[in-house]
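Computed from a prediction, not measured in an experiment: that's the story for all the values here. The figures that follow rest on heavy atoms only: side chains count, while hydrogens, waters and symmetry mates do not.
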Amino acid sequence: MPAQKIETGHQDTVHDVVMDYYGKRIATASSDHTIKITGVSSSASQNLATLSGHQGPVWQVAWAHPKFGSLLASCSYDGRIIIWKESNQNEWTQAHVFTDNKSSVNSIAWAPHELGLILACGSSDGNISVYTAIADGGWSSTRIDHAHPVGVTSVSWAPSTAPSALVGPGLLDPVQKLCSGGCDNTVKVWKLYNGIWKLDCFPALQMHTDWVRDVAWAPNLGLPKSTIASASQDGKVIIWIVAKEGDQWEGKVLNDFRTPVWKVSWSLTGNILAVADGNNNVTLWTEAVDGEWQQVQTVDP
């Protein structure tokens, strides 16, 4: 289908664009301190709401799964994380504001919905906070202190389907795992053990030579292999693979883009990776039968 141009109405740089579960609305985050909700159809777009509450640039937004209602999370340079709730159609209120981060919150990600309503947040203070909605309407929190001491840039959840669930003896309990990237040039994998987050990769994954800008854990569809993509200021995208639980992660350079790489995103089936780089290019990549990665398409801006 032809590309559709959407006027967001923002007054400054747009940092993040996320489509809702049904593909009917997009949320955009901007340096103008606001989030805008835009309705999209095949023929037109319509500004539905402007959410104001942050006091600095808004870096990321994330839609919760619709089973929890119409919820949107946002994070900002102001150190705040806001959970927005749509009560009536296109009427949004601040359902909760987390203010325990001392510096910019750079990345947020909702856990797979099977785990419950859980939000992970990475901050420039070096910590990762994980907030879990509890039955009384409040939130409990756990924290990974000094996850990346010089700053966390990105967080991404592992699929809730345990590796090998489709080929193992039976369905396993869902796992809580996430990966993170930081200003220390590393990617780290974390797993929740008895309520405490612990490093699940030894050592940290080190192949980048500059800040890791984004990490994305691929859907695994219950197969034994786990895959993470990382994008860096050094221009490289690295694919990290662990063949089965407990093995060492192995890294392979997908490509050197020779310009900072800002974002990596997997298709729902985990076989296509979209890469957004500093030259304003978005390219799509897939793994060939021989294990090499090939560019399959360039998305025209």
Side-chain angles (χ1 to χ4, degrees), residues 13-18 28-31 54 56-62 73-82 98 100-111 119-131 143-158 177-190 197 199-201 203-218 227-240 249 251 253-257 259-266 273-278 282:
T13 307
V14 174
H15 297 289
D16 198 22
V17 181
V18 185
T28 49
S30 170
S31 276
H54 284 295
V58 186
W59 301 131
Q60 276 192 1
V61 282
S74 60
C75 65
S76 167
Y77 180 79
D78 66 10
R80 296 175 180 209
I81 299 140
I82 301 179
F98 301 104
D100 41 354
N101 289 284
K102 299 293 175 269
S103 54
S104 176
V105 181
N106 304 316
S107 181
I108 48 173
W110 291 107
L119 187 70
C121 314
S123 171
S124 288
D125 63 15
N127 306 321
I128 295 171
S129 303
V130 181
Y131 301 102
R143 209 162 73 165
I144 306 171
D145 287 317
H146 312 301
H148 298 267
V150 283
V152 183
T153 56
S154 51
V155 288
S156 177
W157 287 88
K177 271 179 139 177
L178 53 84
C179 62
S180 60
C183 304
D184 56 3
N185 310 349
T186 71
V187 175
K188 293 181 179 179
V189 179
W190 308 92
W197 288 95
L199 193 62
D200 197 52
C201 61
L205 309 185
Q206 291 179 302
M207 278 178 66
H208 288 297
T209 56
D210 207 333
W211 288 17
V212 176
R213 287 290 184 184
D214 197 26
V215 289
W217 201 310
T227 306
I228 293 169
S230 60
S232 170
Q233 187 76 20
D234 67 12
K236 294 185 177 72
V237 169
I238 293 175
I239 305 294
W240 305 92
W249 289 84
V253 177
L254 170 121
N255 190 45
D256 184 351
F257 292 84
T259 182
V261 187
W262 299 108
K263 193 88 179 159
V264 279
S265 179
W266 292 98
L273 181 71
V275 179
D277 68 40
V282 176

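- For the pair V215 and S156, the tightest heavy-atom approach, listed with the atom from each and the gap, is O-CB, 3.5 Å.
- A donor-acceptor contact shorter than 3.5 Å is absent between the side chain of K188 and the backbone of L199.
- I144 contributes atom CD1, which lies 9.5 Å from atom CG of N127 (distance to the nearest 0.5 angstrom).
- The line from CG of L178 to CG of D200 is 10.0 Å long, rounded to the nearest 0.5 Å.
- Closest non-hydrogen pair, T153 versus S107, comes out as O-CB, 3.4 Å.
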Run the numbers on W190 and W217 for ring pair (Phe, Tyr, Trp, His ring centres under 6.0 Å), then give the verdict.
-> CA-CA 12 Å; W190 308 92; W217 201 310; over 10 Å; no
Apply the test side chain to side chain contact (heavy atoms under 4.5 Å, CB included) to residues I228 and W249: give CA-CA distance (whole Å), side-chain angles for both, the deciding distance (0.1 Å), then the verdict.
-> CA-CA 10 Å; I228 293 169; W249 289 84; 3.5 Å; yes
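- In this pair, W59 and Y77 present their aromatic rings perpendicular. The plane angle is above 60°, beyond the 30 to 60° band.
- Of the residues listed (T209, D256, V212), the one engaging D234 in a side-chain contact (heavy atoms from CB on, under 4.5 Å) is T209, and it is the only one.
- Here the side chain of W240 pairs no donor or acceptor atom with the backbone of S230 at under 3.5 angstrom.
- Between the side chain of D16 and the backbone N or O of T28 there is no donor-acceptor pair closer than 3.5 Å.
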Side chain to side chain contact (heavy atoms under 4.5 Å, CB included) between S31 and H15: does it pass, once the steps are laid out?
-> CA-CA 7 Å; S31 276; H15 297 289; 2.6 Å; yes
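- For D184 (side chain) and V150 (main-chain N/O), no donor-acceptor pair under 3.5 Å exists by modelled atom type.
- A pairwise comparison of heavy atoms in D145 and R143 identifies OD1-NE, 2.8 Å as the closest pair.
- Remark: side-chain polar atoms of S123 are paired, donor with acceptor, to backbone N or O of S104 under 3.5 angstrom.
- N106 and V152 get closest at one heavy-atom pair: ND2-O, 2.8 Å.
- In summary, the side chains of N185 and S232 do not present any donor paired with an acceptor at a separation below 3.5 Å, with no hydrogens or angles considered.
- Atoms SG and CZ, on C121 and R80 in that order, are 14.5 Å from each other to the nearest 0.5 Å.
- With S180 contributing its side chain and S154 its backbone, the two residues share no donor-acceptor pair below 3.5 Å.
- A distance of 7.0 Å separates SG in C75 from NE2 in H54, rounded to the nearest 0.5 Å.
- Looking at every heavy atom in both residues, W197 comes nearest to K177 through CZ3-CA, 4.2 Å.
- When atom types are taken as modelled, the side chain of S103 and the backbone of D125 share a donor-acceptor pair closer than 3.5 angstrom.
- Taking CZ from R213 and NE2 from H208, the interatomic distance works out to 12.0 Å, rounded to the nearest 0.5 Å.
- A distance of 4.5 Å separates OG in S129 from CG in N101, rounded to the nearest 0.5 Å.
- The backbone N or O of W211 sits nowhere less than 3.5 Å from a side-chain atom of Q233 that would complete a donor-acceptor pair.
- Among all heavy-atom pairs drawn from L119 and I81, the shortest one is CD2-CG2, 3.7 Å.
- I239 has its side chain within reach of L273: a pair of non-hydrogen atoms, C-beta onward, lies under 4.5 Å apart.
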Test V275 against N255 for side chain to side chain contact (heavy atoms under 4.5 Å, CB included), laying out the working first.
-> CA-CA 10 Å; V275 179; N255 190 45; over 6 Å; no
